[in-house]
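Remarks on the structure that follows.
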4 protein chains.
Amino acid sequence: MTHNSLKNKKPEKYHNIQEAAVRVFARRGFYQARVSEIAREAGVADGTIYLYFENKDDILISLFEDGMKKVIDNVRAEIDKETDPLKKIQRFARAHLALVENNKDMAEIIQVELRQSSKFMKEYRNEKFLEYLDIIAGIVREGQALGLIREDVEPGIVKRAFFGALDEMSRFWVLSTRRKYNIQTAADQISEFFIRGIRAGSGVPAGGRN
Amino acid sequence: MTHNSLKNKKPEKYHNIQEAAVRVFARRGFYQARVSEIAREAGVADGTIYLYFENKDDILISLFEDGMKKVIDNVRAEIDKETDPLKKIQRFARAHLALVENNKDMAEIIQVELRQSSKFMKEYRNEKFLEYLDIIAGIVREGQALGLIREDVEPGIVKRAFFGALDEMSRFWVLSTRRKYNIQTAADQISEFFIRGIRAGSGVPAGGRN
Amino acid sequence: MTHNSLKNKKPEKYHNIQEAAVRVFARRGFYQARVSEIAREAGVADGTIYLYFENKDDILISLFEDGMKKVIDNVRAEIDKETDPLKKIQRFARAHLALVENNKDMAEIIQVELRQSSKFMKEYRNEKFLEYLDIIAGIVREGQALGLIREDVEPGIVKRAFFGALDEMSRFWVLSTRRKYNIQTAADQISEFFIRGIRAGSGVPAGGRN
Amino acid sequence: MTHNSLKNKKPEKYHNIQEAAVRVFARRGFYQARVSEIAREAGVADGTIYLYFENKDDILISLFEDGMKKVIDNVRAEIDKETDPLKKIQRFARAHLALVENNKDMAEIIQVELRQSSKFMKEYRNEKFLEYLDIIAGIVREGQALGLIREDVEPGIVKRAFFGALDEMSRFWVLSTRRKYNIQTAADQISEFFIRGIRAGSGVPAGGRN
DNA sequence: TATGAATGAGAATTCATTCAT
DNA sequence: CATGAATGAATTCTCATTCAT
């Protein structure tokens, strides 16, 4: 199911609804969110929602797709400023967490709501998310080609581990009220763990020989 | 455990219902799961559910609490077999992912359902989860005390980053049908990234001089 | 449907249950009352109730029948102390309201719950209640036979009007928390209205000649 | 009226539902009445009920309030046609019972359902009912001021006794299938009892010298 | 007799979606 | 395009009653 293509409707209203939905989903959660509440918050009638979106699911999916598109573009632009793959990893972490910081509600929805249930993670092929992860895998392969990252490092594992580390950190940051760490500090620490963890030529293997 | 102290009720039925709920929640997701489906699957009447649980939410919470208790006990027992904090990290990763491997449905519920924003992660003080994360922080502090882990490493960041990495990996593993990596391989790679990433005395800092 | 005839059961428990039911019905109302609450209050198991009563309705009906029997016996004994029919009317009022005063919960149930709904007032032929009303009609006829009460007074109307007057007064008395009138004062006023209202030889008719 | 201010909704539907509810409540009793049955009888969907009323209770309360308003207006208009307080009493009785005669279902609901203890008579401050009773008290005071009614008569007792008498009579009339007395005959008898009972200067006191 | 765990029919209410205006 | 009243399917939870112990 793909979202409504704005045929000849005012794109302004489409975005109003999306923005209202972001707030309502973040506040209540997807299943507790009421379409009528989104409508009220967007300043339109309930029925109007259905001129722009197929149904409630479609609103969430549109949010995710449009949101991920921005994230991907933004993060790609950031890492392209760097040539060193190891430094790209740091850039990625910073860009990711900066986006979370500046789009708390949106971040919460992507993290929490979209991965929430079978409904979305199973039935909906999450192309955009995979594309995002593959940016990381790409950096790793690039580093390996340049001999900067160990050959035995699996890009498919790094991409998930690194994303998971950032994502858990941002969940914490998003959900907690009083924040202990600056989110950029966290970005730097996490990227440093991974850079040290995967770069080539740092002597003995980690786990010993058990 | 839940409100109902199982006075003279058979604890067997309590567990039957939990096990049925695990299957149904894993299959449909919490919000799509029907209490009557859990009842049917548990081989009891709908009303019987309410002799053992306050309501549908309570079933999920009991699943989480009882499940996390087992995870914590199990993981604690595993890492206690090791004295070297760095090796404990590897043990943790292996134990965590082995549990996921052996309790797929349960793992999916803990990961996916309990993350459901408002209702559970906001209103529900997730003590058990925090206790689990603090096992990791404890290992890190231990390693720092022994001079094995760098002093500038924040245990509060490592615990979330490490858990997030494992968790994302297991989400992938749980949700994907055909599996590329052995989950134990993933455990070893991820723990190696972190061990190399945080251990003391491995030369130049990670990020270079930016 | 008639209530369970105590075959070979302990009558003590039967009364315990009735007394508990009186309290619970008075507190919650019949439909809001829970059988399990009556059981708890009576100090028996839920199932035990059904050894003494057919069902929940049967408890209410038994309360009414047993209660009315006492009321009728008591009121009959009172009016038999008097020979003058007009004075019997006053005795009736006093006895009725004294019973209400001393059995508030029971009075509330008879007034409020039993006449409450179709269920009881339509399906259940209320013999006891009619018997009670007919005590009044009997006094009126006696008074008419003695020439003390006007011949044009309809006993069937007086019995209902008089009972209704007392009953409304006692409803007020039962439901109000702070009481303005002594209930015996009310008994005397009301009986006086009716005695003056129906006795023979008091000159011009009431309503004028419209 | 109820919470829902009928903004753009058709008030016609509000009344359809009320009328359907009157029939269903009269037929089944409040607790046995099904919302879906009211909906069917009103020719609307179940959910539509909830656009006009908060819940099932609210329907009953609206019925009572709207019904009592009509009764009060109607009875006030009737007694205002008379100047003699004693004749007003007769007018009141006639108007009251005429309303019962012409609105059997509604009368039954007001009498039987609203008397339902806890929920309505205790928690719900029954202003309208008290207002109605005070019409009677007002007439009595007026009669006392003119010397037509004895000074020792308590208006607060008369109002309840007189209402109770009429109400019990109409309960009988509403619930019985074959009717012995014309309801207007009853109105005249009852008002005559009370007029004779309370008017000034009719010789010896009622109760004799007990 | 007494128990109380188990039953399962039953009902109020919600809310995504539609469609006449 | 926009509205929002109307729809009605769908679901949790309750509680009188039963019956194995």
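Going from atom OH of B:Tyr14 over to atom P of E:dA6 covers 14 Å, rounded to whole Å. Atom P of nucleotide F:dT11 and atom CZ of B:Phe30 are separated by 14 Å, given to the nearest angstrom. In this structure, C:Arg28 places its CZ atom 12 Å from P of F:dA16, rounding to the nearest Å. B:Leu51 has its CG atom 11 Å from the C1' atom of F:dT14, to the nearest Å. Regarding A:Ile17, its CD1 atom lies at a distance of 12 Å from the P atom of F:dC1, rounded to whole Å. Per the geometry, NZ belonging to D:Lys13 stands 6 Å off C1' belonging to F:dA6, to the nearest Å.
Atom-to-atom distance recorded for C:Leu63:CG and C:Asp58:CG is 10.5 Å, nearest 0.5 angstrom.
Each of A:Gly43 and D:Val44 was assigned the nucleotide of DNA chain F with the nearest heavy atom; the assignment lying further toward the 5' end belongs to A:Gly43. The 5' end of DNA chain E is approached more closely, in terms of each residue's nearest nucleotide, by C:Ile49 than by the other of C:Ile49 and B:Ala45.
A heavy-atom distance below 4.5 Å is found between the side chains of C:Gln18 and C:Asp66. With contacts defined as side-chain heavy-atom distances shorter than 4.5 Å, the pair C:Ile109/C:Phe30 does not qualify. In this structure, A:Tyr50 and A:Val35 have side chains that are in contact, with non-hydrogen atoms separated by less than 4.5 Å.
One finds a side-chain N or O of A:Tyr52 lying less than 4.0 angstrom from the OP1 or OP2 phosphate oxygen of F:dA2.
Each end of the helix from E:dA2-F:dT21 to E:dT21-F:dA2 gets its own axis, taken as the rotation carrying the C1' atoms of four end pairs onto the next four within a five-pair window, and the two axes meet at 0° to the nearest 10 degrees.
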Could you run down nucleotides 13-21 of chain E 5' to 3' and tag each one B, S or - for protein heavy-atom contact under 4.0 Å?
BBSSBB---

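Taking the charged nitrogens against the carboxylate oxygens, D:Arg34 and D:Glu41 have no contact shorter than 4.0 Å, which rules out a salt bridge. No salt bridge links B:Arg23 with B:Glu37; every basic N to acidic carboxylate O contact stays at or beyond 4.0 Å. Ion pairing of A:Arg171 with A:Glu108 is absent here, as no side-chain N (NZ or NE/NH1/NH2) approaches a carboxylate O to less than 4.0 Å.
Residues forming a salt bridge (charged side-chain N to carboxylate O under 4.0 Å, His left out) with D:Lys69 (at least two apart in sequence, or on another chain): D:Asp73.
A donor and an acceptor atom, one from each side chain of C:Tyr14 and C:Glu19, are nowhere located under 3.5 Å apart.
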